[in-house]
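Just below is one structure, and these are the notes that go with it.
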Amino acid sequence: MRRILILFGTLLLLGCMQSKNIDEYAYVLDIGVERGTTMPYLVTFVVSVPGGTEEMTVKNAVISAEARSFGEAYETLNASYPSRLSFSRASLLVIGEDLARTGEQEAFLDFAFGKPDLWQNLRVVVAKPPLRDVLTGWLSDADPSLRKIKTAVGDLSARSGLTADAGYSAYLEATQGDRFDAMLAYAGVNEYGLSEDLLGGEAYPYVGGSMLTESLLKTSTAGSAVFDGAKMVGVLDGRHTMEVMMVTDAFRRGELSFATDEGREIRVTLYRMHAPKIRLSKGRAEVLISLEADPYLPESVPMEDAALRTFLEERIKAELSDVFAALRNAHSDAMGFGRFAAQEFSTVSECEQYDWKTAYRTLQVDFSVRVMLSHHPSDPGTE
């Protein structure tokens, strides 16, 4: 009996030792899906293989396969990769713009991500193919575990307002419901060239709104892709993304510059003061945005405080109206007015029968902006 117990204990110990073999798994960090050539989808993974000791360097690799479904792509890549593939550390889902423009990614995503507990921390972005170049452009010897990339979208959204920040569950809620539309961060390889903004003109929406960037990371994220249901209908640069976020209450801080009639530039850092107040009734919405403005070099601003407040309020109001008009023309409720449609109904059944997407096309919105001037001697965005 003792021999049996000793043998059982030895086998159990060996099993535990094997389960702790860190080299057995390769962790999928990023997932990309775009249109395939011979099959519907080209699926790309960024995988990380940790070393056996703290001194060993983390190894990253980019692998891909064409397939008819996520399951088929996973089985193909798992069979051809030396380590077992694990999704326990997955943090980023990148949808190719070629699929997003047609909504074809929906069939793939419904099948691929049927386990919300596994994907609850997954952020979703849209990027210009080829996604292998986009994903490779995020790799860096300085950040082998991709910790910065995992948090960059959220940090950039909170600190600068230049991009959207949406998780997979929020994306599903937007695309599978009919009360608002998705706005996702937009990414691309820096050297790929110009992209047209939804309001017209050209910008580099994935490198800060107007600048071509050369850096250690060849891929940047800024601006946003906006949707009508499951279909992407346009791109907003960083400035216009920031203004949409002022309405959705996702905005925290950001910097804008305005030109006066005399051609002088006024640059201010804006801070959210209160949640936006939104009322929707009988085809018309009223929106009140409250902001705190910190002028850059206030002594050089060519107007008194009262005139500056009025100037900023009028300019921001005008830009909000322009962005909304462009979104409405594209049938995208990225500002989320459909969330307030329930205010018009006294029963749940009436609300459920209401065709918001049709009503949205004729929605009229009155924007009001209140600005309070201040000065922040310690600006965390420039430290």
Side-chain angles (χ1 to χ4, degrees), residues 156-164 186 190 193-215 220 222-224 234-248 250-274 276 287-327 335 365-383:
L156 184 62
S157 180
R159 293 174 64 87
S160 71
L162 288 174
T163 192
Y186 188 70
N190 299 343
L194 298 169
S195 292
E196 185 176 353
D197 182 85
L198 192 62
L199 277 72
E202 293 181 325
Y204 294 92
Y206 43 83
V207 287
S210 61
M211 297 175 293
L212 183 62
T213 299
E214 294 183 9
S215 66
S220 297
S224 59
V235 174
L236 294 177
D237 65 15
R239 184 185 187 100
H240 296 140
T241 295
M242 188 186 308
E243 289 160 348
V244 173
M245 291 168 58
M246 290 177 185
V247 180
T248 63
F251 175 77
R252 292 298 175 268
R253 70 183 300 278
E255 183 179 290
L256 291 179
S257 60
F258 303 90
T260 67
D261 294 339
E262 295 77 24
R264 297 283 297 275
E265 182 187 53
I266 297 177
R267 182 152 53 105
V268 295
T269 301
L270 298 172
Y271 302 85
R272 169 192 181 273
M273 284 186 61
H274 309 293
V287 181
L288 173 61
I289 307 292
S290 299
L291 300 169
E292 187 178 339
D294 180 12
Y296 177 71
L297 297 178
E299 64 278 4
S300 65
V301 175
M303 58 183 73
E304 299 295 328
D305 284 359
L308 177 59
R309 285 197 304 270
T310 300
F311 172 79
L312 294 174
E313 290 171 351
E314 291 178 350
R315 290 296 300 273
I316 296 171
K317 173 183 175 179
E319 292 194 18
L320 287 169
S321 298
D322 290 343
V323 174
F324 167 71
L327 289 171
M335 287 185 172
V365 179
D366 297 320
F367 292 97
S368 298
V369 179
R370 292 179 183 172
V371 171
M372 182 184 76
L373 298 180
S374 66
H375 177 62
H376 291 255
S378 178
D379 184 357
T382 57
E383 288 179 348

Distance in Å, F258 CZ paired with E265 CD, rounded so as to fall on 0.5 Å steps: 10.5 Å
Euclidean distance, D294 CG relative to L373 CG, rounded to 0.5 Å: 9.0 Å
Step-by-step side chain to side chain contact (heavy atoms under 4.5 Å, CB included) determination, V369 to E314: CA-CA 8 Å; V369 179; E314 291 178 350; over 6 Å; no
Charged N-O contact under 4.0 Å between R272 and E292: no
For D366, all residues meeting salt bridge (Lys or Arg N to Asp or Glu O under 4.0 Å), sequence neighbours excluded: R284
Heavy atoms of other groups near R264 CZ, more than 12 under 6.0 Å: no
E243 and its side chain to side chain contact (heavy atoms under 4.5 Å, CB included) partner, picked from I289, D322, L256: L256
Nearest non-hydrogen partners of P295 and V268, listed with the distance: CA-CG1, 3.7 Å
Distance in Å, M245 CE paired with T248 OG1, rounded so as to fall on 0.5 Å steps: 6.0 Å
S224 side, atom OG; H240 side, atom NE2 - distance, nearest 0.5 Å: 10.5 Å
Intermediate values then yes/no, side chain to side chain contact (heavy atoms under 4.5 Å, CB included), L199 and L236: CA-CA 8 Å; L199 277 72; L236 294 177; 3.9 Å; yes
Spacing of CE belonging to M242 relative to CZ belonging to R239, to within rounding of 0.5 Å: 8.0 Å
Residues F324, V247; criterion side chain to side chain contact (heavy atoms under 4.5 Å, CB included); working and verdict: CA-CA 10 Å; F324 167 71; V247 180; over 6 Å; no
OG1 on T269 to CG on L291, rounded to 0.5 Å: 12.0 Å
Any residue meeting side chain to side chain donor-acceptor pair (under 3.5 Å) with R315, in chain and number order, not counting sequence neighbours: none
Donor-acceptor pair, side chain of T163 and main chain of G223, under 3.5 angstrom: yes
M335 and V323, any side-chain heavy atoms less than 4.5 Å apart: yes
Test side chain to side chain donor-acceptor pair (under 3.5 Å) applied to T260 - qualifying residues, sequence neighbours left out: E262
For L270 against F251, the heavy-atom pair lying closest together: O-CZ, 3.5 Å
Going by atom type alone, with no hydrogens or angles, which donor-acceptor pairs under 3.5 Å involve a side-chain atom of residues 303-313 and a protein atom two or more places apart or on another chain?
residue: T310; atom: OG1; partner: A306; partner atom: O; Å: 3.1
residue: E313; atom: OE2; partner: V371; partner atom: N; Å: 2.9

Partners meeting salt bridge (Lys or Arg N to Asp or Glu O under 4.0 Å) with R370 (sequence neighbours left out): none
